Amino acid sequence: MKTSLRSLFIVPVLLAAAPLGLLKAQDSAAASNRRPASTVKIVQPDGTKQEIKLPARELLASDGSLTLYPGDEVHLEFEEKAGKLSNPKVVATVAAPERTITFEMTHQKEITILSRTTKIQQTVAMDCGNRSGKREAYSPTNIRPTEKGLASFDSWPGSVWSIKLTNIEVSDRSAQDVYMEKVNKNR
C-alpha cells in the first residue's frame, strides 16, 4: 500500500513540474536573443571617447538581420531540413557545432574586428553594413563568407560601433564564388 501511495503522489508532481521545465527552456531560448538596454563606449582614433545608448532589443530580428556591437558574441544555429541549413536562431551555447556559426565583434582604439567561426561544412555568407562615428545609417561593406568549417575575419579602421548582418545563408558554392557575386552585385 505504501508503494502505491508514493506512486500516486510522485506522478502528479512530475506531471506538474514538466511544464515548468519547458517554460524555463523557452524563456532561456528567448533570453539568449535579447539584449538588455546598455551603453557602448567607443574610443576614436584621436583618443576621444563616444558613448552610445542602446535600447533593449532582439539580437536576431524577425526580418533575419543580426545587429552586433563591440563585445558581442552570438551563436546562430541553423535548422536542418532535407539536408539544407536554414532558419537561424540565436542560442546561448553551441550544442550542434555542425549547424552553428559564432560571431564576435571586438573594438580597440584603432580597429574593429568581426570574426566568424563555424564547423558548418558549407559556405556561410551574409551582407554587411557598419556604422561609425555619429552616423545613424549603415554603410554597406563586403565581407568574406566563411569557407567550409573555417574561421573568417574582417576589420575596419577607426570606430565602427555597430555591424548589421543581413541575408545570412548557407550555400554549397565556394566562398570565393559567393564573395565575387556579392562584390559584382554591389558595384
Side-chain angles (χ1 to χ4, degrees), residues 24-42 52 54-81 83-108 110-132 138-157 159-179 181-182:
K24 285 181 183 176
Q26 290 172 346
D27 290 345
S28 175
S32 65
N33 192 37
R34 292 290 303 165
R35 166 188 278 289
S38 61
T39 301
V40 172
K41 296 177 183 180
I42 299 293
I52 298 140
L54 304 173
R57 60 164 182 78
E58 291 183 328
L59 294 165
L60 184 65
S62 59
D63 67 0
S65 63
L66 177 66
T67 305
L68 302 170
Y69 296 93
D72 281 351
E73 181 179 67
V74 178
H75 311 290
L76 279 189
E77 182 180 298
F78 292 86
E79 289 180 11
E80 185 173 4
K81 290 185 182 175
K84 301 270 184 196
L85 298 178
S86 61
N87 300 323
K89 65 178 180 181
V90 174
V91 293
T93 58
V94 177
E98 71 286 353
R99 296 185 289 121
T100 305
I101 184 168
T102 298
F103 298 89
E104 186 174 5
M105 181 179 174
T106 58
H107 169 76
Q108 298 169 359
E110 302 286 331
I111 193 168
T112 300
I113 299 171
L114 173 65
S115 65
R116 283 124 21 240
T117 55
T118 186
K119 292 192 178 183
I120 295 173
Q121 293 301 305
Q122 294 169 290
T123 298
V124 182
M126 65 228 55
D127 294 328
C128 180
N130 67 69
R131 291 164 65 177
S132 63
Y138 285 91
S139 297
T141 185
N142 293 313
I143 61 172
R144 293 241 173 235
T146 61
E147 188 73 61
K148 302 169 179 69
L150 300 175
S152 191
F153 302 88
D154 289 279
S155 62
W156 295 266
S159 59
V160 170
W161 58 271
S162 180
I163 294 173
K164 186 175 210 173
L165 305 172
T166 57
N167 302 318
I168 302 168
E169 61 185 355
V170 179
S171 170
D172 288 327
R173 297 172 47 219
S174 75
Q176 181 65 22
D177 288 347
V178 173
Y179 178 74
E181 179 182 294
K182 288 183 178 288

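Residues: numbered from 1 along the sequence shown. Just so you know, these numbers come straight off a predicted model, no measurement behind them.
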Q. Taking all atoms of both residues into account, what is the closest heavy-atom pair of Ile143 and Tyr179, and its distance?
A. O-CD1, 3.5 Å

Q) With a 4.5 Å limit on heavy-atom distance, are the side chains of Thr93 and His75 in contact? A) no

Q: Check the pair Met105 / Val160 against side chain to side chain contact (heavy atoms under 4.5 Å, CB included), numbers first and verdict last.
A: CA-CA 10 Å; Met105 181 179 174; Val160 170; 4.2 Å; yes

Q: Rounded to the nearest 0.5 Å, what's the gap from CG on Leu85 to OG on Ser171? Could you check?
A: 11.0 Å

Q | Contact summary for Ser152 and Pro145, nearest pair of heavy atoms | A | OG-O, 3.7 Å

Q: With rounding to the nearest 0.5 Å, note down the distance linking OG in Ser162 to CD1 in Ile52.
A: 8.5 Å

Q. Heavy-atom distance under 4.5 Å between the side chains of Glu58 and Leu60, does that happen here?
A. no

(Q) Just verifying a value: how many Å separate Arg57 CZ and Ser38 OG, rounded to the nearest 0.5 Å? (A) 8.0 Å

Q.
Using every non-hydrogen atom in the two residues, find where Ala175 and Glu147 come nearest and quote the distance to one decimal.
A. CB-OE1, 3.0 Å

Q | Electrostatic pair Asp154:Arg144 at N-O distance under 4.0 angstrom | A | no

**Q.** CG-CG distance between Asp172 and Asp177, expressed to the nearest 0.5 angstrom
**A.** 12.0 Å

Q. Is there a donor-acceptor pair closer than 3.5 Å between any side-chain N or O of Ser65 and the backbone N or O of Ala61?
A. no

Q) Among Ile163, Thr67, Thr166, which residue meets the side-chain contact (heavy atoms from CB on, under 4.5 Å) test with Tyr138? A) Thr67

Q.
For Ile120 versus Ile101, what's the shortest heavy-atom pair and its separation?
A. CD1-N, 4.3 Å

Q. Roughly how far apart are Asp63 CG and Asn167 CG, rounded to 0.5 Å?
A. 9.5 Å

Q: Decide yes or no on side chain to side chain contact (heavy atoms under 4.5 Å, CB included) for Ile42 and His107, but give the supporting numbers first.
A: CA-CA 8 Å; Ile42 299 293; His107 169 76; 3.5 Å; yes

Q | Working for side chain to side chain contact (heavy atoms under 4.5 Å, CB included), residues Leu76 and Val90 | A | CA-CA 5 Å; Leu76 279 189; Val90 174; 3.7 Å; yes

Q: Please tell me if the side chains of Trp161 and Thr112 come closer than 4.5 Å, counting only heavy atoms from C-beta onward.
A: no

Q) Can Glu73 and Thr102 be said to form a side chain to side chain contact (heavy atoms under 4.5 Å, CB included), step by step? A) CA-CA 7 Å; Glu73 181 179 67; Thr102 298; 3.8 Å; yes

Q: Check Gln121 against Gly149 and note the closest heavy-atom contact, atom names and distance.
A: NE2-CA, 3.7 Å

Q. Do we see a donor-acceptor contact under 3.5 Å between the side chains of Arg173 and Thr123?
A. no

Q. Taking everything shown except Lys148 itself, do over 12 heavy atoms lie less than 6.0 Å from its NZ?
A. yes

Q) To the nearest 0.5 Å, how far apart are NZ in Lys182 and CE in Met126? A) 8.5 Å

Q: Grab the two heavy atoms, one from Thr146 and one from Leu150, that are nearest each other, plus how far apart they are.
A: CB-O, 3.8 Å

